[in-house]
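One structure is given here, and the rest of the page talks about it.
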Amino acid sequence: MNRTIVWFRRDLRIADHAPLYRAALRGEVIPVFVFDRALLHHPETGSARVSFMLECLRSLDQDLRDRGGRLLLRSGDPVNVLPQLIRETQADGIYAHIDFERIYGRVRDARLNHALAQDDLKIRWFEPLATTAELIPYPQYRDLWYADMNADIVPIPAHVRVPDDITSEPLPTLTDVGHLPDSKLIPPAGTQAARKMLQEFLDEKTERYYWQLSYPSAEATTGLSPHIKFGAISIRECYKTAQQIKSSPDLRVQRSRKQLIARLRWGSGFAQRFRYLPQLELRSLYSIFDDDGWSFDEDLYRAWQEGETGFPIVDAAARCLQSTGGWKELNFRVRALYSSFLSNLLGMDWRYGALHFMRHLIDGDCPIDHYQWAMQSGVTHCVDKTWTRIYNPEQVAVDRCDPDGIFIKRWLPELKHLPPKCLGSPLPMKGYPAPILNYKQARKQRVQQLEQQRQRFLGLDNVVPHLSRMPTSLMPFGATRFDTEVSWAAAPEPDLYPPALDLEAIDLEQAKALRTWFVAHVDIKPRKARRKPTPEPDDIQLSLL
């Protein structure tokens, strides 16, 4: 009987999973997950996220058992483990989704392709949803995304036949894989948990999601982001489930549905940008920003991390991130404000912020995290922009994001006695630090700096000469700050799979297509804050993307 290894990576589900479905049609299946130290001990790996992943694996194993199968676990370098597994099981080859979240993964997969080819062993790579190897303009990609979302969901195999004679390692604990548990509460994991969260969102939050999205105390988000990061539920299933409320006559529900779908699409778009330009993991999009250098002060960085900046909304975000992993309460608006403070007001390299986020976020996804960080610091999404959104972290931010002070007082109990109108710039008091910067001065300096740097490429049809190239060293940012496994980065001139976009070979038409990925496709203007906004029929939640 035919035997196929299905290598699970960031697709920990059995529904809408083409490699598993195709393998099950062929015959026996060997579903495997490999614990890879280079990922488990990457500088940006957080223990809470690993803990959530372990629970997703537990759920995946149960889903496979419900269909007669089971999940096999191995530990080691996949480049060695998987060819050996083919030989051990006499499998015909491997089925797997392409994954390009990280440079390391692309180096690993290129090495695996080479190792398999040397021994005449086979692997079939499947395109993930909403990705393409072709360089296309962003508007065309948007059409591709909707086409993929509207296509049929890949069926769940009726039966998964896993050979009885293949042994598996036990599911490890967090300490087994070299991580120490922290205090973060891990959300329910797996496909069934994700489906329940999504349905509860559609039943309970769609009347308010579109306008409460900016308010962390409202907890209006779906909570799905960790599940989407690990593929416990496919974005196509999320899209199709959301479309079930398309017939609702309630305009609020329709706006919420559109907001949710837009965010699913944006996440896919960030990943596609990284497929073209994997250097975005390590560098700013435009070389000028890194060439000019960044400021760095360890004491100020620590104050920002620990919530001791003297700006309550910033400090509340800091403490929320470290305590919860941010998957539910630390919404987009608060993440943007918190990140803008580090790069735009303290003037520090956005990569330090992305590093800190990724070590704490339970939903940490490298393309989303890094691209959003670079964008909020004004160094990415700015080909046609002459202004930069720099968030005012004083009373303006409180009025916009936390008008009743609920979020701030939850995370800064030392300020619970203050009325909301005093939470933007508290008077000096015992137990709370004075502000570590002058907002107006810092903002003015940053605006002048960005205006000067952008002159090199602003408005150009061809920005390719100004884009950062892949660095000679692929050493992950932050590798020297933590105990990590980065020996793979020392390999001379490693290949990538899928390959990166060759910027030196791009013609003018391709350059114009690439440019469309780094402009705003709607006219977005800065908006004035207002106190305790009430949703009106024509009040649409601002999109910063």
Side-chain angles (χ1 to χ4, degrees), residues 10-11 16 18 97-103 105-106 109-110 124-152 154 228 231 234-236 238-240 258 261-281 283-286 365-368 370-372 374-375 380-385 457 459-470 495-524 543-545:
R10 292 200 310 133
D11 49 1
D16 208 13
H97 277 124
I98 296 171
D99 183 19
F100 40 86
E101 181 194 13
R102 287 205 172 276
I103 290 174
R106 295 166 81 150
D109 292 352
R124 178 183 173 186
W125 296 105
F126 287 72
E127 279 285 352
L129 283 172
T131 69
T132 177
E134 184 183 356
L135 173 56
I136 58 177
Y138 181 76
Q140 186 176 333
Y141 170 79
R142 189 163 46 201
D143 294 339
L144 179 151
W145 190 89
Y146 279 106
D148 271 8
M149 294 305 106
N150 286 306
D152 291 340
V154 178
I228 292 173
S234 76
I235 57 171
R236 178 158 55 198
C238 293
Y239 171 86
K240 286 183 176 294
K258 291 176 182 178
I261 290 172
R263 278 161 172 75
L264 293 172
R265 191 183 75 245
W266 294 338
S268 300
F270 294 145
Q272 184 64 32
R273 289 174 176 91
F274 271 57
R275 180 166 191 170
Y276 292 147
L277 302 173
Q279 56 265 42
L280 295 177
E281 180 181 341
R283 292 186 166 183
S284 302
L285 177 63
Y286 303 101
D365 181 287
C366 181
I368 295 175
H370 283 228
Y371 196 86
Q372 291 275 26
M375 188 173 68
T380 290
H381 211 78
C382 51
V383 179
D384 293 330
K385 278 173 50 177
F457 59 81
L460 295 180
D461 285 337
N462 184 4
V463 296
V464 169
H466 302 279
L467 299 183
S468 295
R469 269 51 178 175
M470 281 288 289
D495 294 326
L496 300 182
Y497 181 80
L501 195 62
D502 185 356
L503 294 178
E504 312 309 326
I506 284 182
D507 61 29
L508 184 57
E509 287 304 309
Q510 291 174 315
K512 290 180 179 178
L514 183 60
R515 186 186 190 278
T516 64
W517 286 85
F518 306 109
V519 298
H521 293 277
V522 292
D523 187 21
I524 304 171
S543 158
L544 294 185
L545 298 180

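Everything numeric in this text was worked out from a predicted model, so none of it was measured.
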Determine whether the side chains of Arg265 and Tyr239 contain a donor N or O and an acceptor N or O closer than 3.5 Å.
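No, because no side-chain N or O of Arg265 sits under 3.5 Å from a partner of the opposite role on Tyr239.
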If you round to the nearest 0.5 Å, how far is [atom2] of [Y] from [atom1] of [X]?
X	Y	atom1	atom2	answer
Asp495	Asp109	CG	CG	12.0 Å
Asp16	Arg236	CG	CZ	4.0 Å
Leu280	Ile103	CG	CD1	9.0 Å
Ser234	Met149	OG	CE	7.5 Å
Leu129	Leu144	CG	CG	10.0 Å
Met470	Leu496	CE	CG	5.0 Å

Is there a donor-acceptor pair under 3.5 Å between the side chain of [X] and the backbone N or O of [Y]?
X	Y	value
Arg106	Arg275	yes
Tyr141	Thr131	no
Arg273	Pro367	no

Considering residues, nucleotides and ligands other than Lys240, do more than 12 of their heavy atoms fall under 6.0 Å from its NZ?
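For Lys240, atom NZ is crowded (more than 12 foreign heavy atoms under 6.0 Å).
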If we only count heavy atoms from C-beta on, is the [X] to [Y] side-chain gap below 4.5 Å?
X	Y	answer
Ser284	Thr380	no
Leu285	Phe518	yes
Leu460	His466	yes
Thr132	Glu127	no
Leu467	Gln279	no

Heavy-atom pair with the smallest gap, counting every atom of [X] and [Y]:
X	Y	value
Phe100	Pro128	CE2-CG, 4.4 Å
Tyr276	Ile136	OH-N, 3.2 Å
Gln272	Ala130	OE1-O, 4.2 Å

Validation: residues 503-513 side-chain donor-acceptor distances under 3.5 Å, sequence neighbours left out:
residue : atom : partner : partner atom : Å
Glu504  : OE2  : Arg469  : NE           : 2.7
Glu504  : OE2  : Arg469  : NH2          : 3.3
Asp507  : OD1  : Glu509  : N            : 3.2
Asp507  : OD1  : Gln510  : N            : 2.8
Gln510  : OE1  : Asp507  : N            : 3.0

Could you go through Arg10 and Asp365, starting from their C-alpha distance and side-chain angles, then the distance that decides it, and tell me whether this counts as side-chain contact (heavy atoms from CB on, under 4.5 Å)?
CA-CA 10 Å; Arg10 292 200 310 133; Asp365 181 287; 3.0 Å; yes
Which class fits the ring pair Tyr138 and Trp517: parallel under 30°, tilted 30 to 60°, perpendicular over 60°?
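Plane angle over 60°, so perpendicular.
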Please state whether the rings of Trp125 and Tyr497 are parallel, tilted or perpendicular, taking 30° and 60° as the class boundaries.
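The rings of Trp125 and Tyr497 sit tilted, inter-plane angle from 30° to 60°.
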Under the side-chain contact (heavy atoms from CB on, under 4.5 Å) rule, what do Asp384 and Arg515 come out as? Steps first, then yes or no, please.
CA-CA 10 Å; Asp384 293 330; Arg515 186 186 190 278; 2.6 Å; yes
Report the C-alpha distance between Leu264 and Trp145 in whole Å, list the side-chain angles of each, state the deciding distance to 0.1 Å, and finish with yes or no for side-chain contact (heavy atoms from CB on, under 4.5 Å).
CA-CA 10 Å; Leu264 293 172; Trp145 190 89; 3.9 Å; yes
Sequence neighbours left out, what passes side chain to side chain contact (heavy atoms under 4.5 Å, CB included) with Arg102? Give chain and number order.
Leu39, His42, Glu44, Glu281, Met358, Cys366
Applying side chain to side chain contact (heavy atoms under 4.5 Å, CB included), name anything that partners Asp143, two or more places apart in sequence or on another chain.
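Partners of Asp143 under the side chain to side chain contact (heavy atoms under 4.5 Å, CB included) test: none.
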side-chain contact (heavy atoms from CB on, under 4.5 Å) evaluation trace for Phe274 with His370:
CA-CA 10 Å; Phe274 271 57; His370 283 228; 3.7 Å; yes
